[in-house]
S.K.: 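Questions regarding the structure given below will be posed in turn.
Since we're looking at a predicted model, the values are computed, not measured. Sequence lines set the chain letters: A, B, ... in the order given, protein chains first and strands last, and positions in each chain run from 1.
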Amino acid sequence: MPELPEVETVVRDLRPRLVGRRMGSVICGPKPLRRRWQRAWGRQLPGRRVVSAARRGKWILLGLDDGAVLAFHLGMTGRLQVQPRSTPLPRHTHLRIGLDNDHELRFRDIRRFGAAVRFAHADELEAFFRTARLGPEPFDLTAADWRQRLARTRRCVKAVLLDQRMVAGVGNIYADEALFEARLHPACRARDVSAAAAERLRRAVVTVLRRAIDRRGSSIRDYVGGLGQPGAYQDEFRVYGRVGQPCLRCRAPIARIRLAGRSTHFCPRCQPAGHPGEVPTHHRPMARRRGVKSATVG
DNA sequence: ACAGGATCCTGGGGGC
DNA sequence: TGCCCCCAGGATCCTG
């Protein structure tokens, strides 16, 4: 679930509570975390001091005083929190790292799509991101680079936004919100998007992410920040999760379709299929077998 | 190469 | 109440 704004919020919450702290005992839960975490890593952590807390895409990066980096990905349901050791341990807590102040860093993840990885050096981390071809941060993405990236694919813009190799940190919520902001139909082929629309989209992504960071991210069901508080941006969604409800700009009912395997929300009137030079492709109604209401037919 | 679908997990909600 | 199906802030395989 957590996308860039949620991850950024967690990092900002954790930074003052982790940086300067020394790590103690490490306790792993019985179930593996996408097989990334290696039990042996637990032995390398005690005694190390946290020197930095940062974010790259949807990754949380804790720099240690031996040059190693402890990286966390929250997947769909991951939570990374600093809590007093006395706080009751919730279910699905997979990793606990003691701190030198009666608190501990707890990684909890119901669905276990998340990951924890120890990189021995910053070089290893860089190699990892290179291998994954992790794209640029949205805030660093230049207009020219973005235009070229869009021009090189036949996929629809929604799929492009979700692809971490194209731009890092955007997920399903903010892809939909940014496309609404840019007034672009999510099914538009990326390569057919005009230069003007591409630039609108690039700016919309930045705008929406900044707004969401200001509101400490979106909490729909599982997400909380590094101190356990929910975010508030869900109250400002223009399209995400608003199927059938009136568009806040034009009152037309918000539609939902499935694109790139994900629920996709948009306003059929504000995000028309037929912008000049922007030809939307395939899109099927969400409705499956069981009378699930198809949003497109209010 | 490329795009879509299945898959990994667990839990919640709705329909019957 | 119970069962079954669908759904979910993600990413990675596999297939055609």
Side-chain angles (χ1 to χ4, degrees), chain A residues 1-10 29-36 55 57-60 71-80 90-94 108-117 128-129 131-135 149-178 187 189-191 208-209 212-213 215-225 230-234 236-237 239-241 243 256-265 281-295:
Chain A
M1 76 25 102
E3 305 179 31
L4 187 153
E6 290 76 31
V7 175
E8 178 66 25
T9 302
V10 169
K31 293 184 174 175
L33 244 21
R34 271 258 286 288
R35 296 172 218 81
R36 281 208 198 278
R55 179 192 59 73
K58 298 175 189 172
W59 287 90
I60 295 164
F72 293 91
H73 194 292
L74 301 181
M76 289 278 254
T77 53
R79 291 181 175 192
L80 193 62
R91 288 186 65 191
H92 308 295
T93 300
H94 306 298
R108 178 180 182 231
D109 184 1
I110 294 173
R111 291 174 74 180
R112 278 187 289 134
F113 288 175
V117 195
F128 175 73
F129 285 150
T131 304
R133 292 195 286 155
L134 186 63
R149 285 168 186 270
L150 292 180
R152 270 182 273 144
T153 178
R154 307 162 59 95
R155 302 149 87 192
C156 63
V157 282
K158 170 67 183 271
V160 167
L161 286 172
L162 291 178
D163 186 344
Q164 302 300 296
R165 296 169 302 186
M166 300 288 272
V167 58
V170 179
N172 206 35
I173 291 179
Y174 300 108
D176 285 3
E177 293 295 317
R189 267 183 201 272
R191 58 147 65 150
V208 164
L209 293 176
I213 291 171
R215 308 290 262 118
R216 298 180 48 83
S218 308
S219 291
I220 295 171
R221 59 170 20 106
D222 297 291
Y223 168 74
V224 294
Y233 194 68
Q234 67 279 3
E236 296 181 29
F237 288 167
V239 289
Y240 187 84
V243 200
R256 183 172 63 154
I257 59 176
R258 186 166 288 270
L259 282 179
R262 314 296 299 278
S263 245
T264 300
H265 314 73
T281 53
H282 47 272
H283 52 280
R284 282 168 251 122
M286 275 287 289
R288 301 286 196 136
R289 325 170 34 205
R290 254 205 145 47
V292 178
K293 49 229 131 194
S294 161

S.K.: Using a cut-off of 4.0 Å on non-hydrogen atoms, how would the nucleic acid contact of A:Tyr174 be classed: base, sugar-phosphate, or nothing?
M.R.: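 Touches nothing.
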S.K.: Can you check the distance between C:dT1 and B:dT10, where both ends of the measurement are the P atom (answer in whole Å)?
M.R.: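 Taking atom P in both C:dT1 and B:dT10, they lie 24 Å apart.
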S.K.: Does A:His92 make a side-chain N or O approach to OP1 or OP2 of B:dC9 shorter than 4.0 Å?
M.R.: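 Looking at the OP1 and OP2 atoms of B:dC9, neither is under 4.0 Å from any side-chain N or O of A:His92.
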S.K.: Reckon A:Arg256 has a side-chain N or O less than 4.0 Å from the OP1 or OP2 of C:dA8?
M.R.: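 For A:Arg256, the contact criterion (side-chain N or O under 4.0 Å from OP1 or OP2 of C:dA8) is met.
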S.K.: Under a 4.0 Å threshold between the charged nitrogen and the carboxylate oxygen, would A:Lys58 count as salt-bridged to A:Glu3?
M.R.: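 Judged by the 4.0 Å cut-off on N to carboxylate O distance, A:Glu3 and A:Lys58 do not form a salt bridge.
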S.K.: With a 4.0 Å cutoff (strictly under), does any side-chain N or O of A:Arg258 reach OP1 or OP2 of C:dA8?
M.R.: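 Yes, such a contact exists.
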S.K.: Counting just side-chain N and O atoms, does A:Thr77 come under 4.0 Å of either OP1 or OP2 of B:dG11?
M.R.: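 No, because none of the side-chain N or O atoms of A:Thr77 sits under 4.0 Å from OP1 or OP2 of B:dG11.
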S.K.: With rounding to the nearest 0.5 angstrom, report the CD1 to NE2 distance, A:Ile110 to A:His92.
M.R.: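 Going from the CD1 atom of A:Ile110 to the NE2 atom of A:His92 covers 5.0 Å.
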S.K.: Taking any heavy-atom pair under 4.0 Å as a contact, classify A:Ile110: base, sugar-phosphate, or nothing.
M.R.: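 Sugar-phosphate, backbone atoms only, no base.
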S.K.: How many Å lie between CG on A:Leu150 and C1' on B:dC2, as a whole number?
M.R.: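 Spelled out: CG on A:Leu150 to C1' on B:dC2 is 16 Å.
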S.K.: So, is A:Arg91 close to the B:dG11 phosphate, meaning a side-chain N or O under 4.0 Å from OP1 or OP2?
M.R.: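 Answer yes for this pair, as a side-chain N or O of A:Arg91 is under 4.0 Å from OP1 or OP2.
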S.K.: Only one of A:Ile257, A:Ile173, A:Val243, A:Asn172 forms a side-chain contact (heavy atoms from CB on, under 4.5 Å) with A:Ser263, so which one is it?
M.R.: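 Testing each of A:Ile257, A:Ile173, A:Val243, A:Asn172 against A:Ser263, the sole residue satisfying side-chain contact (heavy atoms from CB on, under 4.5 Å) is A:Asn172.
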S.K.: Classify the side-chain pair A:Tyr174/A:Ser218 by whether it contains a donor and acceptor separated by less than 3.5 Å.
M.R.: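 Side chains of A:Tyr174 and A:Ser218: pair found under 3.5 Å.
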S.K.: Looking at A:Arg221, does any N or O in its side chain come under 4.0 Å of the phosphate oxygens OP1/OP2 on C:dA8?
M.R.: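 Checking C:dA8 against A:Arg221, no side-chain N or O comes under 4.0 Å of OP1 or OP2.
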S.K.: How does DNA chain C look in dot-bracket notation if pairs are Watson-Crick or G-U with both distances under 3.5 Å, crossing ones as [ ], other-strand ones as |?
M.R.: .|||||||.|||||||
S.K.: So, taking the atom named CG in A:Leu162 and the one named CD in A:Gln164, what distance separates them when rounded to the nearest 0.5 Å?
M.R.: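 The distance works out to 8.0 Å.
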S.K.: If I take atom NZ in residue A:Lys158 and atom P in nucleotide B:dA3, what distance separates them, rounded to the nearest angstrom?
M.R.: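 In whole Å, B:dA3 P lies 16 Å from A:Lys158 NZ.
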S.K.: Assess whether a salt bridge exists between A:Arg262 and A:Asp176, defined as any Lys/Arg side-chain N lying under 4.0 Å from an Asp/Glu carboxylate O.
M.R.: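 Looking at A:Asp176 together with A:Arg262, the answer is no, because their closest N to O distance does not fall below 4.0 Å.
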S.K.: Side chain of A:Lys31, heavy atoms from C-beta onward: which of C:dA8, B:dA3, B:dT10 has the nearest atom to it?
M.R.: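 For the A:Lys31 side chain, the nearest candidate turns out to be B:dT10.
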S.K.: Between C:dC14 and B:dC9, how far apart are the two P atoms, rounded to whole Å?
M.R.: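 C:dC14 and B:dC9 have their P atoms separated by 15 Å.
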S.K.: What is the distance from CD of A:Glu3 to P of C:dA8, rounded to the nearest Å?
M.R.: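 The answer, rounded to whole Å, is 13 Å.
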S.K.: Could you give the distance from CE (A:Met76) to CZ (A:Arg221), rounded to the nearest 0.5 Å?
M.R.: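 Answer for the CE-CZ pair, A:Met76 versus A:Arg221, is 9.5 Å.
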S.K.: Distance check, rounded to the nearest 0.5 Å: A:Arg165 atom CZ versus A:Leu134 atom CG?
M.R.: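 If we round to the nearest 0.5 Å, A:Arg165:CZ and A:Leu134:CG are 11.0 Å apart.
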S.K.: Can you tell me how far P in B:dG5 sits from the matching atom in C:dC7, rounded to whole Å?
M.R.: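 Roughly 14 Å separates the two P atoms.
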S.K.: For A:Arg111 and C:dC6, give me the distance from atom CZ to atom C1', rounded to whole Å.
M.R.: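 Rounding to the nearest Å, CZ of A:Arg111 and C1' of C:dC6 are 12 Å apart.
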S.K.: B:dG11 C1' sits how many Å from A:Asp109 CG, rounded?
M.R.: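 In whole Å, B:dG11 C1' and A:Asp109 CG are 13 Å from each other.
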S.K.: What residues, two or more places apart in sequence or in another chain, satisfy ring pair (Phe, Tyr, Trp, His ring centres under 6.0 Å) together with A:Tyr240?
M.R.: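 Testing A:Tyr240 for ring pair (Phe, Tyr, Trp, His ring centres under 6.0 Å), a comparison that skips the adjacent residues, returns A:Phe237, A:His265.
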S.K.: Looking at A:Arg111 and A:Asp222, is there a salt bridge between them, counting it only when a charged N and a carboxylate O are closer than 4.0 Å?
M.R.: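 Here A:Asp222 does not pair with A:Arg111 in a salt bridge, since their nearest N and O are not under 4.0 Å apart.
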S.K.: So which protein nitrogen or oxygen atoms get under 3.5 Å of nucleotides 11-14 of chain C's nitrogens or oxygens?
M.R.:
| residue | atom | partner | partner atom | Å |
| --- | --- | --- | --- | --- |
| C:dA11 | OP1 | A:His73 | NE2 | 2.9 |
| C:dA11 | OP2 | A:Lys58 | NZ | 3.0 |

S.K.: Quick one: pull up CG in A:Leu161 and OG1 in A:Thr264 and give me the separation to the nearest 0.5 Å.
M.R.: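 Reported value, rounded in 0.5 Å steps: 10.5 Å.
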S.K.: Would you indicate, yes or no, if B:dC2 has its OP1 or OP2 atom less than 4.0 angstrom from a side-chain nitrogen or oxygen of A:Thr153?
M.R.: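 No, outside the criterion.
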S.K.: Rounded to the nearest Å, what distance is computed from the CG atom of residue A:Asp222 to the C1' atom of nucleotide B:dC9?
M.R.: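 After rounding, the gap between these two atoms is 12 Å.
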S.K.: Specify the separation, in whole Å, of atom CZ of A:Arg112 and atom C1' of B:dG11.
M.R.: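 Computing the A:Arg112:CZ to B:dG11:C1' distance gives 13 Å.
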S.K.: When the nearest nucleotide of DNA chain B is assigned to A:Arg152 and to A:Gly261 on a heavy-atom basis, which residue is associated with the more 5' position?
M.R.: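 Whichever sits nearer the 5' end wins; that is A:Arg152.
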S.K.: CZ of A:Arg155 versus C1' of B:dG5: gap in Å, rounded?
M.R.: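 Atom CZ in A:Arg155 sits about 14 Å away from atom C1' in B:dG5.
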